[in-house]
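Start at 1 and go down the list; that is how both ligands and their atoms are numbered.
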Amino acid sequence: MPQRSATLYRYEVPMVRDEILPMYARVPSRTGLLVCLRRDEREGWGEIAPLPGFSCEPLDEAQAAAFLFLGAWVKSEVARDIDAFLPPSAAFGISCALAELDGSLPETMCCRSAFLLAGNDRAQLMSRFDGIPNEAVIKIKIGRGDPQQEGIFIHDLLSQKNITLRLDANRAMTQKQAEIFAHCIAPVFYPRIAFIEEPCQTQEASRAFAHHTGIAIAWDESVREHDFIVRREESVAAIIIKPTLTGSIARCRAQCQAAHGHQLAAIISSSMESTLGLTQLARIAAWLTPDTVPGLDTADALAQQVLRPWPTTHATPMLTAHDLDEIWRI
Ligand SMILES: [Mg+2]
């Protein structure tokens, strides 16, 4: 009978770029668990890091569920549907570790990502554009200030640079505010807005906004609501899949397949995971959404890398397994 063991580590890394997150979700440091599974000579890692303000489960709940699941796993008692037993962050992390053990998660990483820009300092935002190539995909957070000012900023940006934008309002605007925002942008530029993620507070308002303006939208928060069904809709261009908030690789894969079946783009996105989780998301993106640029530009939000390097933050200090707190071993 194969020998199995499981170890859980805890990491805590200071956040150095929290303007990506809405105010209510900002925390001074990012905390999560790393799971290491061993079976005979093989080893697999995964990250369990519920994101405060977005995940439904707190870290201690994910940890307790992981203890129970892994306690059964080392005895070779494995649940078929891990999403039924584990909250999403734990299902994602443990499914990654299991996939590394059995070699089912391809190694190739998608090294492209949409550049993520956020913050109210326009000069600082503009300065971040220096060095970003024209053909890059850029994502900008909106809905955090005066909609007219934000609309003028996006208009100016599109008139100065030949770029395509993804915008994300995190449901912050009323339909009226979203339409004020859109009316500050010349309609000739609308085709260069790939989509706005969840512009309005409700799906109905977002649909009406898209219908009135002709600007495409994407579902993100809605995808994780229990009654959400992937389907083709007028003006909906994409769904955003955040595996830490969604669940196992199998569940994410099913959502990608459903999206592609309805001619929607599926965009794998990060939830401020450490570089360990990010490299796995980049592998999932290369495997499941090879034709779409994922949203993984969050590595520089954390002051340290964890276990595995991320291509654009190679100068950032790295925590190795020896630097982590081992909290449980079975
Ligand atoms: Mg979003």
Looking only at N, O or S atoms, find the one in D220 nearest to the Mg ion (ligand 1) and name it. OD2
Starting from the Mg ion (ligand 1), look over the N/O/S atoms of E197 and name the nearest one. OE1
From CG (L281) to CG (L296), nearest 0.5 Å: 6.0 Å
Assess, by modelled atom type and distance only, whether the side chains of S89 and E57 contain a donor and an acceptor separated by less than 3.5 Å. yes
Counting C-beta onward and ignoring hydrogens, is there a side-chain heavy-atom pair between I215 and F209 closer than 4.5 Å? yes
So which of the N, O or S atoms of D168 lies nearest the Mg ion (ligand 1)? OD2
W219 ring center within less than 6.0 Å of F195 ring center: no
